Number of protein chains: 2
Amino acid sequence: MPTSKAAKGPDMPALASPQPGKGGRKLSNFLCFAVYSANLAFGRAYKPILDQLGLTYTQYIVIVALSEEDDQTVGALGEKMFLESNTLTPILKKLESVGYITRRRDPADERQVRVSLTPAGRTLLDGDPVAPMIAATGLGDDFPVVQKSVTRLRDNLLRSTQPEPEKS
Amino acid sequence: MPTSKAAKGPDMPALASPQPGKGGRKLSNFLCFAVYSANLAFGRAYKPILDQLGLTYTQYIVIVALSEEDDQTVGALGEKMFLESNTLTPILKKLESVGYITRRRDPADERQVRVSLTPAGRTLLDGDPVAPMIAATGLGDDFPVVQKSVTRLRDNLLRSTQPEPEKS
DNA sequence: TCTATATAAATCGCATCCGATTAAATCGCA
DNA sequence: TGCGATTTAATCGGATGCGATTTATATAGA
């Protein structure tokens, strides 16, 4: 009886902003709060592991994103991570200063900066340091289901925010 | 076939930190990244609505938490929100300065600060300003299922981090 | 009573996020 | 060719999160 079968009975289903009727408007009924607090929880759960590597949670995610492909531009990396250069640039400079990545202007287009993992950066991931986190989620077989649901939620939210893909 | 039935076939299930075998270690397979990016997406989706109220995403969540009960201490509010006074105090001072909450030392224990919504703060919630967000999630009947799954995930992660509830 | 300890909030410094702006390079097009 | 528009990072300021410390108050034990 884990995550399957939407209930949707006549009795107070949990909504994005729960109940119009005052009573159900509790923090615990907000999906946004569930995601907000789950994100905090992930950061705290990762902390003991990442502290040993001298990395923050966000820095670790950047390194994973960089492991997929060499010589990504800041913009391309930002598209993967849903961030922009105002957030990424300071993080990338920090990771460069500790030797995990390289940053260089693209000679063919000096506007762009290309980022790659160094061997030291790649070595960080070899041990799969966050493998113990799988058990900590406690989701068991529901793991892939939740992963897909949250991803779908994210994509729907982003789509609702942006205007149109293109129009001309 | 929305969120039900965990696949768990022999072919690359999505894991917390995906595949030991290098190939599946993609950002898109990380549950932590799904939650991380969904949280960013929520903040962006709420922004147009909350901008009109002059509130940030976190400030709005604080107000919802305060609407449940008057005269909460900073510590009690922090337990609900999984935050501590180092984060809450500046936010509460800001909300006080714009007239949405009151802060006062408890006369019976001057160490504690008690926080309540003002009528203006309570009025903010009357229109249920984030109601349009329900549709933006695009989850339909899966909404309550996802809400519960993410909450369970959060609680499992927090439990795995903390030592024991008590011991003496 | 008097003091050591404990507790609650606040403060401080660092690392994100993000809107707005700036600087540099490239592109479009007459 | 030349210049304005566009694109890409970077910069700047405000608002979180959070570990570590500080301040003020309350409690406990000799």
Side-chain angles (χ1 to χ4, degrees), chain A residues 32-33 36-48 50-51 54-63 72-79 81-98 103-115 158 161 168, chain B residues 32-33 35-48 50-51 54-63 71-79 81-98 103-115 158 161 168:
Chain A
C32 68
F33 179 68
Y36 167 87
S37 53
N39 185 51
L40 294 181
F42 256 123
R44 292 167 197 182
Y46 271 73
K47 181 134 210 316
L50 294 180
D51 271 353
L55 290 178
T56 66
Y57 184 51
T58 306
Q59 287 166 3
Y60 174 72
I61 292 178
V62 168
I63 289 186
Q72 292 182 82
T73 67
V74 172
L77 179 62
E79 273 192 40
M81 294 192 57
F82 305 97
L83 294 175
E84 294 176 21
S85 65
N86 52 2
T87 299
L88 280 175
T89 296
I91 298 171
L92 294 173
K93 283 185 171 179
K94 172 67 177 179
L95 287 175
E96 180 185 39
S97 75
V98 295
R103 295 165 64 243
R104 61 182 188 84
R105 291 278 165 186
D106 185 335
D109 185 343
E110 292 277 343
R111 290 173 304 183
Q112 301 184 342
V113 167
R114 303 229 167 236
V115 189
L158 291 176
T161 305
S168 78
Chain B
C32 68
F33 178 68
V35 171
Y36 168 87
S37 52
N39 185 51
L40 294 181
F42 256 124
R44 291 167 198 181
Y46 271 72
K47 182 133 208 318
L50 295 180
D51 272 352
L55 290 178
T56 66
Y57 184 51
T58 306
Q59 287 166 4
Y60 175 71
I61 292 178
V62 168
I63 289 187
D71 271 342
Q72 292 183 80
T73 66
V74 173
L77 179 62
E79 273 191 39
M81 296 192 55
F82 305 99
L83 294 174
E84 294 176 20
S85 65
N86 52 2
T87 298
L88 280 175
T89 295
I91 298 171
L92 294 173
K93 283 186 172 180
K94 172 67 176 178
L95 287 175
E96 180 185 40
S97 75
V98 294
R103 295 165 64 244
R104 62 182 187 84
R105 291 277 165 183
D106 186 335
D109 184 344
E110 292 276 344
R111 290 173 303 182
Q112 300 184 339
V113 167
R114 303 230 166 233
V115 188
L158 291 177
T161 304
S168 73

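Below, all heavy atoms of this structure are taken into account, side chains as well, without hydrogens, waters or symmetry copies. Just so it is clear, the model here is predicted, and its values are computed rather than measured.
Between the CG atom of A/Leu77 and the C1' atom of C/dT16 there is a distance of 15 Å, given to the nearest Å. In this entry the distance linking CD of B/Gln59 with C1' of D/dG14 reads 11 Å, nearest Å. The distance from atom CG of B/Asp51 to atom P of D/dA15 is 13 Å, rounded to the nearest whole Å. Between A/Leu50 atom CG and D/dG19 atom P the separation is 13 Å, expressed in whole Å. Distance, A/Phe33 CZ to D/dG17 C1': 14 Å, rounded to whole Å. A/Leu83 places its CG atom 13 Å from the P atom of D/dA9, with the value rounded to the nearest Å. Taking atom CG of B/Asn39 as the reference point, atom P of C/dC17 lies 9 Å away to the nearest angstrom. Rounded to whole Å, atom P of C/dT11 lies 12 Å from atom CG of B/Leu92.
A/Arg104 contributes no side-chain N or O that, together with a main-chain N or O of A/Val113, makes up a donor-acceptor pair within less than 3.5 Å.
Looking at which nucleotide of DNA chain D each of A/Leu40 and A/Ala76 is closest to, the 5′-most match is held by A/Ala76. Comparing B/Arg111 and A/Arg111 by the nucleotide of DNA chain D that holds the closest heavy atom to each, the one mapping nearer the 5' end is A/Arg111. Mapping A/Glu110 and B/Thr73 onto DNA chain C via the closest heavy atom, the residue that lands nearer the 5' end is B/Thr73. For A/Asp106 and A/Glu84, each mapped to the nucleotide of DNA chain C holding its nearest heavy atom, the one lying further toward the 5' end belongs to A/Glu84.
If you check C/dA9, D/dT16, C/dC17 against the side chain of B/Thr89, the one that comes closest is C/dA9. Of the candidate nucleotides C/dC17, D/dA26, C/dT11, D/dA26 has the atom lying nearest to any side-chain atom of B/Asp109. Side-chain atoms of B/Asn86 lie closest to D/dG19 of the nucleotides D/dT11, D/dA10, D/dG19. Residue A/Lys93 has its side chain nearest to D/dA10 when only D/dA10, D/dG19, C/dA10 are considered. When distances are taken from the side chain of A/Gln112 to each of D/dT8, C/dA10, D/dA10, the shortest belongs to D/dT8. Relative to the side chain of B/Arg105, the nucleotides C/dC17, D/dT25, C/dA9 differ in distance, and C/dA9 lies closest.
Base pairing analysis places C/dC2 opposite D/dG29; the two distances defining the Watson-Crick or G-U wobble pair are each below 3.5 Å. Pairing for C/dG28 is with D/dC3, a Watson-Crick or G-U wobble pair whose two hydrogen-bonding atom distances lie under 3.5 Å.
Contact of B/Ser85 with C/dA8 (side chain to base): no donor-acceptor pair of N or O atoms is detected under 3.5 Å. No N or O donor and acceptor, one from the side chain of B/Thr56 and one from the base of D/dA15, sit under 3.5 Å apart.
Across all strands shown, B/Ile91 has heavy atoms under 4.0 Å from sugar-phosphate atoms exclusively, and none from any base. Note on A/Thr87: a base of the nucleic acid sits closer than 4.0 angstrom, heavy atoms only.
Relative ring orientation between B/Tyr46 and B/Tyr60 is described as tilted, the plane-to-plane angle lying within the 30° to 60° band.
Counting heavy-atom neighbours within 6.0 Å of B/Glu84 CD, excluding the residue itself, gives a total of 12 or less.
Regarding contacts with the backbone of D/dA15, every side-chain N or O of B/Thr58 stays at 4.0 angstrom or more from both OP1 and OP2. Between B/Tyr36 and C/dT16 there is no side-chain polar atom (N or O) within less than 4.0 angstrom of OP1 or OP2.
Here A/Asp106 pairs with A/Arg114 in a salt bridge; the nearest charged N to carboxylate O distance falls below 4.0 Å.
Nearest approach of B/Thr161 to A/Arg44, heavy atoms of both residues: CG2-O, 3.9 Å. Between B/Leu40 and A/Met81, the shortest heavy-atom contact is CD1-O, 4.1 Å.
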